[in-house]
Amino acid sequence: MGWLSELGRRLWMLWHGRQFDADLEEEIRLHLELREQDQMQAGLPPTEARHRALRQFGNEMSLREKSHMEWGWQWLEHLLQDVNYGLRAMLRSPGITLVALLSLALGIGANTAIFSLIDAVMLRSLPVKEPARLVLVGDGSDCCVSDYFPNQILYSYPFYREMQKKNQVFSDFAAVFSMMSRVHGSVEGRTEAEPLNVQLVSGTYFSTLGVQAYAGRTLTDEDDRIPDGNPVAVVSYRWWTRSLARDPSVLNRKVKIGSTIYTIVGVGPREFFGTKVGESPDLWISLSMQKELPPYFDGYGNNLIESLYLIGRLKSAVNMTEATANANLVYQQILHGFPDAPLNQENLEKLKATRIELTRMATGLSELRTHFSEPLKILLVIVALVLLIACANIANLLLARSTARARELAVRQALGAGRARLIRQLLTESLVLALAGGAMGLAFEAGASHLLLRLASIGADPLALDVSMNARLFFFALGVTVVTALLFGTIPAFCATKVQLTESLKEGRGITGAGAKSSLARSLVVTQIAFSMLLLVGAGLFLHSLVNLTSVDAGFNREHVLRLQTDATSLGYKEGVRLTQLYQQVEERVRALPGVRAASYSLFTFNEGSWNNPVSVEGYVSADSHRDVHHNVVGIDYFAVMGIPLSAGRGFRPQDTATSPKVAVISETMARTMFPPGSPVGHRYSRGSDKDIEVIGVVGDVKVNSLQEAPQPVDYYPYPQQAQMLNDFEVRYSGSLDAVISAVRKGIHDVDPHLPISNVTTLNEQVGRSIADQRLVAQLSTFFGLLAVFLSCIGIYGVMSYVVTKRTNEIGIRMALGAQRTGVLWIVLREILMLTATGVAIGVPIALAADRLVSNMLFGLKPGDPITLVCATSVLLVVATIAGYLPARRASRVDPMVALRYE
Amino acid sequence: MHRDEIPPGTLYLLILKTLARSGEMHGYEIANAIQRTSDDVLQVEEGSLYPALQRMLIKGWVRAHWGVTPGNRRARYYQLTAAGRTQLELELSQFERVIGAITRVIQMA
């Protein structure tokens, strides 16, 4: 406690500094006077007495200072002085300060904004108990529903129960459905249905994560025991706020989804968003209810329908190696033990060779990570380079200013200021500048990170990511700010204090070291140009790649197609005739609307996942027979809506009904690679238990999930023959989109006034979203590339202005000796071009090397794309010339008489 | 008259001891007391008393209050605290250990 009260006394002193000084002075005065009196009483004359008293006392000034220093605050006092001085210096040249502050704010803000996304997507731990002990069985690289055997990524519900029982390494074990169900439901007492994101989880989910309810209770294992038996739901804090306005009697309320009414038993904690980064479920419902919840999965009792991710919490003494070994042992036991497992020779061998992995999931699951890890890292490098360029600018500004201050610094050194003290002061000034810029940057960051989120959204909903300020972000920004200050402050501070005293004091102008300084300034400019070159080349490559992507032929005509989703399942429709009739009625009603050319339901359009497995063609085996075929289920008009050309046979007709022979239309790639040579029309194939499917037509290839993919085998079934929930509805229209949207909405509601409609957009927009990551990188890299060039221009302008001012004399002499104005102009411009060319020459090899690092982000480009290189070089040369033209012109206008007299 | 500089580091000890003996004193009195008790042998550069007193205030060895001198002048009076007494004992025993050791070395010769 001693140090604490000591600190208290020190602080008291800091607070009462003035009184302290006065007290000390009075004390010393008393001392001197008493001593003087004593001496006089001893018989000394007054002057002598006074002198002796002073002599005996010692150096009063230095003793007072020493007393002051005992309290240990001089560092703070110096700091405050320096800060004060720094602020005044900033205000003295407001123009320079403004430019510096803006580029810093932009640089630091951009870095922090990108980092906030990296933090949210890649770094932040789940808000659960001891996230480091959570592991995922498998690697989470696949999703949805599968019947593949043996599956290493998705697992069936019975498998989950068996593993929960048999494993010896997890203290808690939970299952979570591998996709969120986007359904519609209504709060009891309301007529309007609202979209709801429901996450099916095992009853052990919350206890495994160690998450306590904010209100009420979480789900328990008991809720998850009886199929369809226990309709209860835990709602998210967000949804409770959004939809129920934090109704305190939330636990009495009910939500109706489909034909089931769920009782709300609890509200999740505020920060809890589940286990998948970027998604935020509104409701958590136990897996035992899956058959009652649209789209009515029926996997609760099925050993071989795999749809779950399994999450375990490691026991405290167990490490990953032990856990993996045990998980694999149990995995083999369970799959061998299922009586209905398809254990033929081939599968037995596959099973024997299968090893499952465990993945740490402290940071949660995320598809975003696969999409955005690389783009975000690239963007962070880009914004870091921009910040470096900004730093070089500020360093140049400070360098120029320090030249102007050379006299001041020389005087101060002559008066006895130590060089270290001066450097410290200059660095403090830099820090003040950087901190001011950093603070502005943080304000800027808040807006920028939300803009980034919108740009990065792949799906229809904006990403549910929390990018608000947190401690990690703050320290990142602070760290960047301090490093920035050191980067731009150090060199000028050292240069500025390295002065030959006598030289500087003798002469106001013609400062020594100016030559060294301007060569330093020049090399800073060259560095800026090299970095700008790198950024411009990057921006050019990403842009070019984006253009290539958007001009890819998707196989369908993406213009003039409206698409939306209806959710019949939420109204309690089940697969069957009623549903087929609903689809047909909606199609018919909409088709009759003015401005509508064609309308069709389908299972998928583009980039919506897929339903795929292999098929076998009767009497034919090819090298591609094992390939997965992507299946789609569509209405009669589908090919007309999508503009997919029919190349052989026929499309679907009303005569293709549930009772007529099964038919399919296949894609050209499927026809070419999986069927015997010649027309496939009339051939039959089977898919699992569906046998005797007759090929009636061939259509052009389409992109299924991404614009980059190679042609895929695809087949299409008419929906009357294929019991499936279809949500996608597409309309080919002409004329105004808005008019068509409202007409189509009305048309659908004429058929069923309660049918929820969501995700209204265009096919074009949907295709655009599939390349959101590439677009994000292209847009931002272009923006930052141009910003870099702009900053470099300021740098060039600044340095050349400085150089011209320094050479006014020389130019004056040259002109007096007969040099032409154009000649002088050329001298300056030549220097600018030399600097730019050097920068470009340095930048090109770096750009080529970096190019290779990002090559898998690029589409349809060879590394070192020459068009990009040429464009970047010309842009730099042109803008550098423009930036340098003003100082060059000023040089050419120098009046020789004025210049010479000036000396 | 020749006066000896006090050995470095013993100033605190001298102040502590002086205050311990006489209760409360102001700076000038302390300086005089040290000189007088040492029979004018020890010479304190009088000013250096004040930084030392500041340090002792921070450390909490002494406390100070403003009072009035017999000559009716305002003066800051210093007085030992409990911590100061402990410190005095500590410094004394340390001083004796060092002096003892030095004496032994000298007498060996």
Side-chain angles (χ1 to χ4, degrees), chain A residues 1-17 19-42 44 49-74 76-77, chain B residues 1-6 8 11-12 15 24-36 40 42-79 81-87 90:
Chain A
M1 292 310 283
W3 65 270
L4 203 66
S5 46
E6 182 176 330
L7 184 69
R9 286 189 289 270
R10 281 183 201 266
L11 284 173
W12 185 89
M13 143 75 184
L14 187 63
W15 209 244
H16 298 91
Q19 196 198 331
F20 170 87
D21 287 335
D23 284 355
L24 192 65
E25 203 184 326
E26 185 174 351
E27 205 173 14
I28 290 173
R29 203 171 51 232
L30 175 76
H31 187 117
L32 289 173
E33 285 172 13
L34 288 178
R35 174 66 68 213
E36 196 180 333
Q37 272 173 22
D38 279 2
Q39 303 284 11
M40 275 160 59
Q41 276 163 13
L44 283 179
R50 171 124 197 99
H51 282 162
R52 184 167 297 187
L54 284 172
R55 209 161 42 239
Q56 236 168 314
F57 191 82
N59 183 340
E60 188 193 330
M61 237 15 234
S62 102
L63 282 167
R64 250 158 63 179
E65 208 153 281
K66 226 171 126 194
S67 307
H68 204 103
M69 275 162 67
E70 288 295 345
W71 293 85
W73 288 114
Q74 63 278 12
L76 186 67
E77 285 164 355
Chain B
M1 187 177 72
H2 178 77
R3 282 174 176 168
D4 288 320
E5 292 279 329
I6 56 166
L11 183 55
Y12 294 130
I15 299 175
E24 64 173 35
M25 293 175 124
H26 58 73
Y28 182 71
E29 287 174 339
I30 299 175
N32 273 346
I34 293 176
Q35 258 171 43
R36 223 176 311 112
D40 284 343
L42 289 181
Q43 152 100 5
V44 183
E45 190 198 27
E46 292 177 4
S48 66
L49 216 57
Y50 291 92
L53 281 169
Q54 289 307 321
R55 182 163 180 76
M56 292 165 76
L57 272 175
I58 296 169
K59 289 288 175 193
W61 299 340
V62 295
R63 61 173 162 263
H65 67 94
W66 285 91
V68 182
T69 65
N72 223 5
R73 306 276 311 262
R74 229 167 80 83
R76 178 143 61 174
Y77 281 91
Y78 295 89
Q79 153 178 36
T81 62
R85 255 172 251 290
T86 323
Q87 184 64 24
L90 207 84

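Each chain gets a letter, A, B and so on, in the order the sequences are listed, and its residues count up from 1.
For the set R35(A), E26(A), R64(A), the count of heavy-atom pairs under 4.5 angstrom toward chain B peaks at R35(A).
Nearest heavy-atom pair across S67(A) and P51(B) is OG-N, 3.3 Å.
The only member of L30(A), D38(A), I28(A) that meets side-chain contact (heavy atoms from CB on, under 4.5 Å) when paired with Y28(B) is D38(A).
Residues of residues 62-73 of chain B lying within less than 4.5 angstrom of chain A, judged on heavy atoms, are W66(B), R73(B) in numerical order.
By the 4.5 Å heavy-atom criterion applied to side chains, E29(B) and L34(A) are not counted as neighbours.
The number of heavy-atom neighbours closer than 6.0 Å to CD of Q79(B), taken from other residues, nucleotides and ligands shown, is above 12.
Among residues two or more places apart in sequence or in another chain, the ring-ring contact (aromatic ring centres under 6.0 Å, His included) test is passed with Y12(B) by W61(B).
Relative orientation of the F57(A) and Y50(B) rings is tilted, given thresholds of 30° and 60° on the angle between their planes.
For L32(A), no part sits under 4.5 Å from any heavy atom of chain B, backbone or side chain. Interface remark: E60(A) contributes no atoms to any contact with chain B (heavy atom separation under 4.5 Å).
For the atom pair NE2 of H31(A) and CG of N32(B), the computed distance is 7.0 Å after rounding to the nearest 0.5 Å. Here L63(A) contributes atom CG and Q54(B) contributes atom CD; the two are 11.5 Å apart, rounded to the nearest 0.5 Å.
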